[in-house]
Amino acid sequence: MITFPDGFLWGAATASYQIEGAVHADGRVPSIWDTFSHTPGMVSDGHTGDVACDHYNRYLEDVEIMAWLGLKAYRFSVAWPRLADLGFYDRLVDALLARGITPVATLYHWDLPQSLQDMGGWTNRETAFRFADYAAAVHARLGDRVATWTTLNEPWVSAFVGHGSGRHAPGVTDPAAAFTAAHNLMLAHGLGTQALRAGGAESVSLTLNLTPILGDPEPARLIDGLANRLFLDPVLRGEYPADVLAHLERFTKVNLDDLPTIAQPIDVLGVNYYTVNRVVADASAEGHPEYPGSEGIAWEDPHGPVTEMDWEINPSGLEDLLVRLCREYPGTPLMITENGAAFPDGVSDPGRIAYLDTHFRAARSALDRGADLRGYFVWSLLDNFEWARGYHKRFGIVRVDYDTLERTPRDSARWYRDVIARGGLPD
């Protein structure tokens, strides 16, 4: 039996715009994803999150599924556009606690109010201060029952997919804007952390999507700087790496006086892991808009099997990443806040079971090598609105019929239920 430490937190995760629907309910205001998804040509087949999984109205059914699974914790995000009426999250948190499930709240999973975008969004420094106000307000409402708070989910995506390639909302394609947004997002994290601490938050975290960069050493270091160290070092070391700062300043200047605010101590680092990236030097390569300044670098095709997202299945990358974080940023507890895979639709999903099994084993190996890993949240509890890909890619361990909204646990859900009940995996 391959067991995990006592108290290891087995959970599942979702995000507000991806599952809630009810976009006009109870005073909710438009977000950048409402605008983006309703702009022709931006999301596959014109899909939107208007209904999604209707979790806003079906949350009790979904909490019962979580209880059936035996989840120890549920990671959800609060929709900033719902700030005028947080009653839904009151009800959700109470339902979770009634079933013995620990609520883990993320304050920002990409659904910025459109009104703030109209004033510049994350390229406007003032948005970071508005985020701190928002964090304080949500904590004041839920902090008596929610102990663990995550400020931001995957700021790299918000900055570089939202402002570099424009594949995500708000659909901007400007390298300078991408770097400016990245810095302002990290300032928002620091200010939000201060606001949460002032309100008495017990545990504060940040979630980053981190990926090992494999291949030729020089291009791999550059891309590692843009994908990983650009966010890790300001938070955990209070500085931008010298090579990353020099690269960033090719495009814009950022206020280095913000670094002490960004480097607020955190209690846990959330790690979202899906795959690795492989890069090689290629003088003819145009580079990648999500990695500004990457001219002369080419991305290799995946090695071996892939998921429906065409992402390489590489569990050893997770193990190596966790060990690297332990060694390079010691003293920071880790939590896998997202890991999962899209596979073809159906209740039978052996590919997803195999994916999760190998990644769980990789996490156990990382523990054996000294990683301070506290828990594991599977992405995702439900099939959902997969951003620019609409409803075509399914990550859920629970299938959602988008016509009827019926939920059906997949074989992977039953498998995960057994893992949780046993506290581990068979040898």
Side-chain angles (χ1 to χ4, degrees), residues 15 17-18 30-49 108-128 131 152-188 208-209 211 213 219 222-231 240 244-254 274 277 279 282 284-299 309-311 385-390 392-393:
Y17 188 75
Q18 292 184 271
S31 79
I32 57 174
W33 271 96
D34 295 296
T35 301
F36 190 80
S37 66
H38 281 271
T39 300
M42 304 310 288
V43 174
S44 180
D45 290 336
H47 293 173
T48 75
Y108 186 69
H109 199 131
W110 309 350
D111 45 359
L112 184 72
Q114 182 61 43
S115 60
L116 290 176
Q117 181 62 37
D118 293 342
M119 294 185 287
W122 289 115
T123 65
N124 182 350
R125 178 182 174 82
E126 186 63 22
T127 301
F131 176 79
L152 310 177
N153 179 80
E154 299 187 356
W156 179 86
V157 174
S158 296
F160 291 99
V161 186
H163 298 79
S165 67
R167 288 193 300 116
H168 280 189
V172 174
T173 55
D174 178 356
F179 281 112
T180 300
H183 180 81
N184 288 339
L185 280 154
M186 298 312 293
L187 177 60
L208 302 177
N209 57 303
T211 180
I213 310 298
L222 173 61
I223 301 305
D224 178 71
L226 299 180
N228 300 320
R229 293 180 290 122
L230 176 66
F231 299 94
Y240 283 110
V244 174
L245 182 61
H247 188 87
L248 181 161
E249 289 183 337
R250 291 175 49 194
F251 300 92
T252 190
K253 298 288 186 182
V254 295
Y274 290 97
N277 277 311
V279 296
D282 180 349
S284 67
E286 296 181 357
H288 196 303
E290 290 166 13
Y291 301 90
S294 60
E295 297 82 5
I297 298 175
W299 269 252
M309 299 289 283
D310 292 325
W311 294 344
F385 175 82
E386 187 48 44
W387 307 112
R389 297 175 186 258
H392 294 299
K393 304 300 181 185

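Just so we're clear, the structure is a prediction, and the values are computed from it rather than from any experiment. Both backbone and side-chain heavy atoms feed into the values below; hydrogens, waters and symmetry mates do not.
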(request) Please determine which of Phe385, Trp387, Trp122, Phe36 meets the ring pair (Phe, Tyr, Trp, His ring centres under 6.0 Å) test together with Trp110. (result) Trp387

(message) Less than 4.5 Å apart, side chain to side chain, heavy atoms only: is that true for Asn184 and Thr127?
(response) no

(message) Tell me whether Asp34 contacts the main-chain N or O of Ser31 through its side chain, where contact means a donor paired with an acceptor under 3.5 Å.
(response) yes

(message) Any heavy-atom pair between the side chains of Tyr240 and Leu230 that's under 4.5 Å?
(response) yes

(request) Determine, stepwise, if the pair Tyr291 / His247 fulfils side chain to side chain donor-acceptor pair (under 3.5 Å). (result) CA-CA 11 Å; Tyr291 301 90; His247 188 87; over 6 Å; no

(request) Consider only side-chain N and O atoms of Tyr17 and Ser37, and report whether a donor and an acceptor are under 3.5 Å apart. (result) yes

(message) Does any part of the side chain of Ile32, heavy atoms only, come nearer than 4.5 Å to the side chain of Leu116, both counted from C-beta?
(response) no

(request) Output all residues satisfying side-chain contact (heavy atoms from CB on, under 4.5 Å) with Arg229, sequence neighbours left out; order by chain, then residue number. (result) Arg221, Asp224, Asp233, Pro241, Asp243, Val244, Arg324, Tyr329

(request) With side chain to side chain contact (heavy atoms under 4.5 Å, CB included) as the test, would you mind laying out the steps for Asn277 and Ile223 before giving the verdict? (result) CA-CA 9 Å; Asn277 277 311; Ile223 301 305; 5.6 Å; no

(message) Within the 4.5 Å heavy-atom criterion, are His168 and Trp33 side-chain neighbours or not?
(response) yes

(request) Evaluate the side-chain proximity of Glu154 to Leu208: yes if any heavy-atom separation is below 4.5 Å, no if none is. (result) no

(request) Kindly check if the number of other-residue, nucleotide or ligand heavy atoms within 6.0 Å of CD (Glu295) is above 12? (result) yes

(request) Check for a donor-acceptor pair, side chain of Ser294 on one end and backbone N or O of Ile297 on the other, with a separation under 3.5 Å. (result) no

(message) The criterion is side-chain contact (heavy atoms from CB on, under 4.5 Å); which residues satisfy it with Asp174, sequence neighbours excluded?
(response) Val172, Ala176, Ala177

(request) State yes or no: are the ring centers of His392 and His47 separated by less than 6.0 Å? (result) yes

